[in-house]
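In listed order, ligands and their atoms are each counted from 1.
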Amino acid sequence: MTKAIVYKFGGASVKDASAIKNLHRVLLNRLQRKMVIVISAMGKTTNFLEEILRFKFVEKDYYSNCAILRKNHLAICSELFEEQNPIFSIVENLFLQLERDLEQPLNRGNYDQYYDRIVSYGEMLSTKIIHAYLCKENFFCIWQDARELIATDESFRSAKVDWSLTAKQCKKQLEEKLKKFPVITQGFMGASPAGKCTTLGREGSDFSAAIIAYSLKAKSVTIWKDVPGVLNADPKRFPDTIKFERIDYKEAAEMTYYGASVIHPKTIKPLANLKIPLNVCSFVEPEGKGTIIGTFPDERHVIPTIVVKDRQVLVTFEVTDFTFINESHMHHVYAELERLRLGVNMLQTSAISISICLNEEMFKLEQLLEEMGSYFKIKYNDGLQLITVKNYDEASKKQFLNREGVLMEQTTRSTIQVVCRP
Ligand code: ASP
Ligand code: MG
């Protein structure tokens, strides 16, 4: 039986009309039986929808931003379709629905659920437009609602996957369709059993591709990016990067844990469990070799790999009663972090304080301060960067340690981490 292959196209690969035409070429040259194509929102649409939501939350005028987003999507359609194509009314309709949804009251209590419903319009729009375009170009494919595939709980904005229900749904919805045509679906979004729209966390479309691949026991997953593969550093920040040809699952998982944005951190595990290879290829140079992530335990990377994570907060909890930091203080801080679903990116303790580096997340820092303020004296700095260097060498030590603007640093046998001002 032919196994399915899963392709994932992120925002940059569908950011405008010419990008979508390029996507069509990439697919056409690789058409095969049983393809699932997972697509993100176009370009920076998700950020834009987040912005609309922020405006709505603070009761500022969000309509003009909706109008801009609508205009951008329609402009892309005008480049891809003749005037009478039904896609225009499909897009108009989605915007009407979006505006109607935005008329519902928004408050702190329903923020996360509201967020998921609103931001997922980005993926609905992109997949509708791309599906219509591919069909028009005689690349026939079937549009599939990801909410019928990806089953999650109701932890909105970082929903947890119900793997067995998802596998059932994927088989039920996809197996027959894939025998006939490629299937296009949205990344990032899913639904709870009660039918509420959920999302898997920012940049979650890679994870969606992995979930579907796992559920279908697919042959491979390919993520199409604007970089030639997985590099040892972000080429937008560092010159002279080196591309890896092969990376072991474990190594790749660690890189994503530290914040390598090339792949969503949850992507590797399901693929590694079924030994499904993950290709990272360039949509700019699709013939290039890219990087394969798979079982390569002997692949040793001696070159330093640099990962930068933005939007970090450094919080320091200081004891106020002249005791020393002990396990119960640690326990207390960690219990609160767990309750708020905040992960620690770096930790350091001293005689009288615990310092932790966290991702900036709306409302969560506030809640943390509120909850812990009566037990500890708390200081924090936000807008920071966390830089991790794996397999560091002397040069990387010089480059990153003991610099101005560094607030916290750590060196282990294989890794350097610094929290610093950007
Ligand atoms: N569109 C979503 C985001 O920008 C999901 C994704 O692109 O993977 O976060
Ligand atoms: Mg993206």
| field | Distance-only polar pair, side chains of Thr267 and Asp206, donor-acceptor under 3.5 Å | value | no

| Will you find, in the side chains of Thr199 and Asp116, an N or O donor that is under 3.5 Å from an N or O acceptor? | yes

| task | Using a 4.0 Å heavy-atom cut-off, say whether Glu123 meets ligand 1 through its side chain, its backbone, both or neither. | result | side chain

| said: Distance alone, cut at 3.5 Å: any donor-acceptor contact between the side chains of Thr198 and Ser192? | reply: no

| field | Sub-4.0 Å atoms of ligand 1 with respect to non-hydrogen atoms of Ser205 | value | 5 (C), 6 (C), 7 (O), 8 (O)

| Residue Phe188 vicinity, atoms of ligand 1 by number, heavy atom under 4.0 Å | 2 (C), 5 (C)

| query | For ligand 1, does Ser40 get within less than 4.0 Å through its side chain, its backbone, both, or neither, judged by non-hydrogen atoms? | reply | side chain

| remark: Among Lys44, Arg202, Gln186, the residue with a heavy atom nearest to atom 9 (O) of ligand 1 is Arg202

| Going by heavy atoms, is Gly204 under 4.0 Å from ligand 1? | yes

| request: Measure centre to centre between the rings of Tyr62 and Phe55, then say whether the value is under 6.0 Å. | output: no

| N/O separation below 3.5 Å, Thr46 to ligand 1 | yes

| Side chains of Trp143 and Thr127: donor-acceptor distance under 3.5 Å anywhere? | yes

| query | Going by distance alone, is a donor N or O of one side chain under 3.5 Å from an acceptor N or O of the other, for Asn65 and Glu51? | reply | no

